[in-house]
Amino acid sequence: MKIAIVHHPETTPKILAAQRMSEKDKLSSFTCMYGGTGKMHKDNPNRHTIDILQQMGEYYAQIGVPWKPQAYQKAIGTLKKLEVKIDCFEDAIRLPNIGTRIAKKIEEICTTGHLRTLDNALADPTHKTLQLFLRIYGVGLSQAHKWIQAGHKSLDDLLALPDLHKNQRIGIDHYDDFNTRIPRDEVTALGDIVKKVAADINLNVEAIIGGSYRRGADTSGDIDFIITKRNTRSSWDLLSFLETLVARLTCDGFLVAALTVPASSGSKWHGACALPGNPLWRRIDFLVVPETEFGAALLYFTGDDIFNRSIRLLASKKNMRLNQKGLYKDVLRTFGREKLSEGTLVEGGDERKIFDLLGVPWRPPHERICR
DNA sequence: CTCCAGCCTAC
DNA sequence: GTAGGC
DNA sequence: GGAG
Ligand SMILES: O=c1ccn([C@H]2C[C@H](O)[C@@H](COP(=O)(O)OP(=O)(O)OP(=O)(O)O)O2)c(=O)[nH]1
Ligand SMILES: [Mg+2]
């Protein structure tokens, strides 16, 4: 029995528990295996570190550095679960998803309160403009950087450009709308309108709101519908319904723009809508799926995106493949993990069965918040 | 040193 | 083929 | 940038 031994921080039970997550079974490195509720204690002792690392990751994403943003996201995920403050390199380096580079940064944040790398980055005068442009729907890194390079500084500058894409123009015209979160009650109200019209067209159709709403969020970035119909076996069986639905909702003045529409093989309609009497345009998505693909589609459209990527990666490690249509087995891949064969469908209809088949404990939607 | 999800539409 | 998006 |  050890007595009177001074406890080094890294030997506290909480840190040991976190270390254990990374060792042993490799499965625990998949965030889909334990999920998350997105709720971090407001008194999380690492909140300042998390905030700075978040900004660092966002910065790398904005300048287009590949993978670093995801790496920061994972490191942040680790810190969010801790109840103990990590303030030195030695403690940080022991944690899963935190290596030497981020451990150093954690120490710098805790001793100086900030990160010089980040301060320098944010001091760049074009950075604010970059952020402005990147929040335009239909504008990504490539376009935003080209416009900056060309000296553009404001949304008005951009509106004068002759070669704006259709959606980029809409994105600029409705810049504030699309960057305004939608309160949960409004999502419910928008949902009721769609459900009513859908039922009026065909009583065998069901419309479910997925996305962040299904995960229980109090505000959403957009509204995501999964639309299905009894006794259907291909999304092709629902395309005529989708056309009718869109036509009716457009006629009613509810749908105000189409952003992307499905090709003959497609199943997703993306556009904008507005509540009567509310000038704000909201982005809206319809995913039409046959009964046989409902579970996989629900899983996909419930997300979050990090959860999806994690569970799909897990599937691929088991020689399977998960997409919005189903779970497939015996998928052949190259040494570079590139898909060579489709594999054979094992399950598409039932969300729970997909979890089971992958050995992932069932997570209700509100426990699939991994960012 | 290699891998990091998987798919769709617009241009 | 590339960009942007879910 | 981290894991394997
Ligand atoms: O890169 C992505 C983006 C989204 N999705 C899935 C998960 C996500 O939950 C769903 C709907 O996408 P959306 O962009 O609407 O995200 P959200 O989770 O609904 O959040 P928000 O409140 O911002 O709409 O599509 C992915 O699988 N990969
Ligand atoms: Mg959404």
Side-chain angles (χ1 to χ4, degrees), chain A residues 21-23 26 28-32 53 56-57 60-61 64-78 92-93 95-106 117 133-146 163-171 178 210-212 220-226 235 258-271 283-288 293 296-297 299-317 320-328 331 333-339 342-343:
Chain A
M21 300 191 314
S22 68
E23 301 160 1
K26 297 140 214 157
S28 56
S29 63
F30 290 88
T31 183
C32 63
L53 293 177
M56 199 66 232
Y60 282 128
V65 176
W67 304 119
K68 278 195 197 192
Q70 289 86 342
Y72 274 80
Q73 201 58 59
K74 281 192 177 171
I76 288 166
T78 297
I93 191 80
L95 299 168
N97 305 313
I98 293 176
T100 54
R101 312 281 301 274
I102 291 186
K104 262 189 199 149
K105 290 187 169 64
I106 290 175
T117 332
F133 291 172
L134 283 175
R135 291 174 68 187
I136 301 170
Y137 179 87
V139 174
L141 280 171
S142 174
Q143 191 56 259
H145 280 102
K146 279 180 198 153
D163 53 355
L164 275 186
H165 295 171
K166 168 179 162 274
N167 290 353
Q168 292 173 342
R169 195 167 290 281
I170 295 175
F178 289 171
S212 50
S220 294
D222 66 0
I223 322 153
D224 304 292
F225 280 98
I226 300 127
S235 59
L259 297 170
T260 64
V261 300
S264 60
S265 66
S267 57
K268 194 149 64 177
W269 188 93
H270 189 60
R283 285 176 294 125
I284 186 168
D285 258 350
F286 297 125
L287 181 67
V288 291
E293 296 170 7
L299 180 49
Y300 159 64
F301 234 31
T302 299
D304 60 17
D305 53 345
I306 303 294
F307 183 87
N308 287 353
R309 291 167 72 155
S310 171
I311 196 169
R312 287 172 180 211
L313 180 62
L314 178 64
S316 79
K317 292 279 154 68
M320 294 194 267
R321 172 171 67 107
L322 177 64
N323 64 18
Q324 54 270 56
K325 293 172 185 270
L327 178 66
Y328 303 75
V331 177
R333 288 183 153 85
T334 63
F335 287 107
R337 306 196 57 73
E338 192 189 341
K339 183 181 79 182
E342 302 286 296

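All values below come from the heavy atoms of this structure, side chains included, with hydrogens, waters and symmetry mates left out. Quick caveat, the model's predicted, so the values are computed rather than measured.
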* Assign the ring pair A/F225 / A/F286 to parallel, tilted or perpendicular, where the plane angle (0 to 90°) is split at 30° and 60°. =>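 Tilted, since the angle between the ring planes falls between 30° and 60°.
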* **Nucleotides bounding contact with chain A, strand DNA chain C, heavy-atom threshold 4.0 Å** => C/dA3 to C/dC6
* Which residues in residues 303-313 of chain A have at least one heavy atom lying under 4.0 Å from any atom of DNA chain C? ->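 Correct list: empty, so none.
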* With sequence neighbours excluded, give me every side-chain hydrogen bond (donor to acceptor under 3.5 Å, both in side chains) pair touching residues 260-269 of chain A. => A/K268-A/Y300
* Asked: Which value, in whole Å, describes the distance between the P atoms of nucleotides B/dC4 and C/dC6?
  ->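 Those two atoms are separated by 23 Å.
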* Write down the distance separating the P atoms in B/dG6 and D/dG2, rounded off to the nearest Å. => 24 Å
Hey, does [X] reach any base, or is it just sugar-phosphate, or nothing, if we go heavy atoms under 4.0 Å?
X	result
A/V65	nothing
A/K74	nothing
A/I136	sugar-phosphate
A/I98	sugar-phosphate
A/K325	nothing
A/K104	nothing
A/D224	sugar-phosphate
A/P262	sugar-phosphate
A/S316	sugar-phosphate

* To do: Output all residues satisfying side chain to side chain contact (heavy atoms under 4.5 Å, CB included) with A/A103, sequence neighbours left out; order by chain, then residue number.
  =>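 Expected list: A/F89, A/A92, A/I93, A/I98.
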* Quick one: list whatever passes side chain to side chain contact (heavy atoms under 4.5 Å, CB included) with A/R333, sequence neighbours left out. => A/S316, A/R321, A/V331, A/R337
* Where each residue is assigned the nucleotide of DNA chain B containing its nearest heavy atom, which of A/V261 and A/Y300 is assigned the position nearer the 5′ end? ->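 Its nucleotide being nearer the 5' end, the pick is A/Y300.
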* Structure fact -> Result for 5'-nearest mapping on DNA chain B, choosing between A/K317 and A/E342, is A/K317
Heavy atoms only: give me the nearest [X]-[Y] pair and the separation to one decimal.
X	Y	result
A/I102	A/A75	CD1-CB, 3.8 Å
A/N97	A/T78	ND2-OG1, 3.4 Å
A/L287	A/A297	CD2-CB, 4.0 Å

Distance from [X] atom [atom1] to [Y] atom [atom2], nearest 0.5 Å?
X	Y	atom1	atom2	answer
A/D304	A/T31	CG	OG1	8.0 Å
A/N323	A/L299	CG	CG	10.5 Å
A/F133	A/L141	CZ	CG	13.5 Å
A/Y72	A/K105	OH	NZ	4.0 Å

* Asked: For DNA chain B, which nucleotides open and close the run of contacts to chain A, 5' to 3', at under 4.0 angstrom from a non-hydrogen atom?
  ->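 Nucleotide range with atoms under 4.0 Å of chain A: B/dC3 to B/dC11.
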* Asked: Between D/dG1 atom C1' and A/Q70 atom CD, what is the distance in whole Å?
  ->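 Distance, rounded to whole Å: 10 Å.
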* **Euclidean distance, atom CZ of residue A/F30 to atom C1' of D/dA3 [Å, nearest integer]** =>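 For the pair A/F30 CZ and D/dA3 C1', the rounded distance is 11 Å.
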* Flag, side chain of A/Q168 to backbone of A/G138, donor-acceptor distance under 3.5 Å ->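 Between the backbone of A/G138 and the side chain of A/Q168 there is a qualifying donor-acceptor contact (under 3.5 Å).
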* **Any A/K68 side-chain nitrogen or oxygen under 4.0 Å from OP1 or OP2 of D/dG2** => no
